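In what follows, a structure is listed as structure tokens, so that the remarks can point back to it.
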Amino acid sequence: TFDDANKNCIQDAGETAISNLKVIVDNNYTIVTDKKGLANFYLQPQSYEVTFDYNTDLYDLCKTNYTVNLGQNGDTLLLNVPVQIKKYCADMKIALSNSILRRCFSNNFIGNISNEGNISATQNHIVVNFDPSLMFESASLTVLDQNDTMVVLDAGLLEPGDTKFFHLQMKVSCSAVLGQTHCISAGLSASDKYCDKFTQLFKECKANVGSYDPNDKRVFNGHGMET
């Protein structure tokens with residue numbers, strides 16, 4: 001896939017690759033183009049239908065589907081796909097999740113941030129908001145700011161097609177009710193590089209499970225009386 005800068009649907013000298021477009025073969029096999037604009041498929045000799053999944057707010061295609069025919073084993077076919085850019089911006093995505101939320105314990109949240117747009121996102125500050133029963137402990141990214149219900153993390157530079165993973169350690173307060181639902185959300189500080197002006201990209205709410213306060217211990221004597 002390449003940037004058809006002059007919109008003539010032909011690859012001319014100097015027209016560069018476009019990454020992060022999903023190429024789909026026979027509605028079955030999907031590969032995302034890399035930074036060289038390539039998606040490599042290894043297929044049996046026959047005829048195939050090639051289509052694309054892309055952001056229509058950012059791109060137009062000269063053709064949205066192609067039929068390709070592979071002959072005998074070992075044949076190689078190169079399909080050049082012109083892509084016309086409608087808008088230059090960083091299309092940002094964030095996900096953040098935890099497998100189980102344990103009361104009175106430190107819980108690990110795994111997150112990722114990706115740039116699915118067509119320009120670099122040079123300064124990405126992830127804003128994580130959480131309810132008062134969740135207590136921030138640490139993060140794999142640099143902490144820029146924090147208070148009792150919010151932390152700001154520095155995700156740094158993301159080029160088009162880049163994904164960066166990170167994690168947070170959050171403790172569920174022992175004063176939380178067992179089974180209480182806790183919410184955590186992640187967004188980005190505003191930037192004129194972004195395709196959208198948003199404050200929240202992701203939100204997850206989950207009920208805590210076990211355990212009671214491990215420091216809440218009682219001692220009984222030999223007669224069964226609490227001491």
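Just so you know, these numbers come straight off a predicted model, no measurement behind them. Computation of the quantities below employed the complete heavy-atom set of this structure, encompassing side-chain atoms and omitting hydrogens, waters and symmetry-equivalent molecules.
- In this structure, the separation between CE on Met135 and CG on Asn107 is 10.0 Å, given to the nearest 0.5 Å.
- Atom CG of Leu101 and atom CG of Leu134 lie 6.0 Å apart (nearest 0.5 Å).
- The distance from atom NZ of Lys206 to atom OG of Ser99, rounded to the nearest 0.5 Å, is 6.5 Å.
- The nearest pair of heavy atoms linking Gly37 to Ala17 is N-CB, 3.6 Å.
- Looking only at side-chain heavy atoms (C-beta outward), His182 and Val172 come within less than 4.5 Å of each other.
- Atom CG of Asp12 and atom SG of Cys9 lie 10.5 Å apart (nearest 0.5 Å).
- Shown here is Asn69, whose CG atom has more than 12 heavy atoms of other residues, nucleotides or ligands within 6.0 Å.
- Ile119 and Ala90 make their closest contact through CG1-N, 3.6 Å (heavy atoms, listed as atom of the first residue, atom of the second, distance).
- The backbone N or O of His167 lies less than 3.5 Å from a partner atom in the side chain of Ser140, making a donor-acceptor pair.
- Taking 4.5 Å as the limit, some side-chain heavy atom of Leu188 sits within range of a side-chain heavy atom of Ile113.
- Under a hydrophobic-cluster definition in which Ile, Leu, Val, Met, Phe, Trp and Tyr are linked whenever side-chain heavy atoms come within less than 4.5 Å, directly or via other members, Phe52 and Leu77 are assigned to the same cluster.
- By the criterion of side-chain heavy atoms lying less than 4.5 angstrom apart, applied directly or through intervening Ile, Leu, Val, Met, Phe, Trp or Tyr residues, Tyr66 is grouped together with Leu43 in one hydrophobic cluster.
- For the pair Asn129 (side chain) and Ser185 (backbone), a donor-acceptor distance under 3.5 Å is absent.
- Between Ala121 and Asn115, the shortest heavy-atom contact is N-ND2, 3.7 Å.
- Asn124 places a side-chain heavy atom less than 4.5 Å from the side chain of Tyr194.
- Between the side chain of Asp26 and the backbone N or O of Asn28 there is no donor-acceptor pair closer than 3.5 Å.
- The environment of NZ in Lys193 is sparse: at most 12 heavy-atom neighbours from other residues, nucleotides or ligands sit within 6.0 Å.
- The shortest side-chain heavy-atom distance between Ile126 and Phe166 falls under the 4.5 Å cut-off.
- No side-chain heavy atom of Gln123 sits less than 4.5 Å from a side-chain heavy atom of Ser191.
- Within 6.0 Å of NZ on Lys36 lie no more than 12 heavy atoms contributed by other residues, nucleotides or ligands.
- Under a hydrophobic clustering in which Ile, Leu, Val, Met, Phe, Trp and Tyr are joined whenever their side-chain heavy atoms come within less than 4.5 Å, directly or via other members, Ile110 and Ile184 fall into different clusters.
- No continuous path of ILVMFWY side-chain contacts below 4.5 Å connects Tyr59 to Val32, so the two sit in separate hydrophobic clusters.
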Worksheet item: Would His125 and Asp154 count as a side chain to side chain contact (heavy atoms under 4.5 Å, CB included) if you check the C-alpha gap in whole Å, the side-chain angles of each, and the deciding distance to 0.1 Å?
Response: CA-CA 5 Å; His125 295 168; Asp154 185 4; 3.9 Å; yes
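- Side-chain contact between Asp91 and Asn20: absent, with no pair of heavy atoms (C-beta onward) separated by less than 4.5 Å.
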Practice prompt. Decide side chain to side chain contact (heavy atoms under 4.5 Å, CB included) for Met150 and Val127; before the verdict, give the C-alpha distance in whole Å, the side-chain angles of both, and the deciding distance to 0.1 Å.
Written response: CA-CA 7 Å; Met150 179 272 294; Val127 182; 4.0 Å; yes
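- Under a 3.5 Å cut-off, the side chain of Arg102 and the backbone N or O of Val209 do not form any donor-acceptor pair.
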When the side chains of residues 78-89 are checked against the rest of the protein, which donor-acceptor pairs come out under 3.5 Å, sequence neighbours left out?
unit_1, atom_1, unit_2, atom_2, d
Gln84, NE2, Asp4, OD2, 3.1
Lys86, NZ, Thr56, O, 2.6
Lys87, NZ, Cys195, O, 3.3

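- The CG atom of Asp3 sits 8.5 Å away from the CG atom of Asn118 when rounded to the nearest 0.5 Å.
- Put simply, the side chain of Phe2 does not reach to within 4.5 Å of the side chain of Thr33, judged on heavy atoms.
- Panel note: side chain Lys93, backbone Glu116; no donor-acceptor pair is recorded below 3.5 Å.
- Between the Thr1 side chain and the Ile18 main chain, a donor and an acceptor come within less than 3.5 Å of each other.
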Item to complete: Please step through side chain to side chain donor-acceptor pair (under 3.5 Å) for the pair Thr51 and Asn65, ending with a clear verdict.
Response: CA-CA 5 Å; Thr51 56; Asn65 65 289; over 6 Å; no
Item to complete: Go through Ser120 and Thr122 one step at a time and tell me if the side chain to side chain donor-acceptor pair (under 3.5 Å) criterion holds.
Response: CA-CA 6 Å; Ser120 301; Thr122 54; over 6 Å; no
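- Heavy atoms only, all atoms of each residue included: Leu153 and Val151 are closest at CD2-CG2, 3.9 Å.
- Taking every heavy atom of both residues into account, Lys171 and Cys104 meet most closely at CE-O, 3.4 Å.
- Atom CG in Asp196 sits 8.5 Å away from atom CG in Leu201 (nearest 0.5 Å).
- Nearest approach of Phe202 to Ile94, heavy atoms of both residues: CB-O, 3.5 Å.
- Between the side chain of Asn208 and the main chain of Val177, a donor-acceptor pair closer than 3.5 Å is present.
- Using a 4.5 Å cut-off on side-chain heavy atoms (C-beta onward), Val23 and Phe41 make contact.
- Under the 4.5 Å side-chain heavy-atom criterion for Ile, Leu, Val, Met, Phe, Trp and Tyr, Met170 and Val143 are members of the same hydrophobic cluster.
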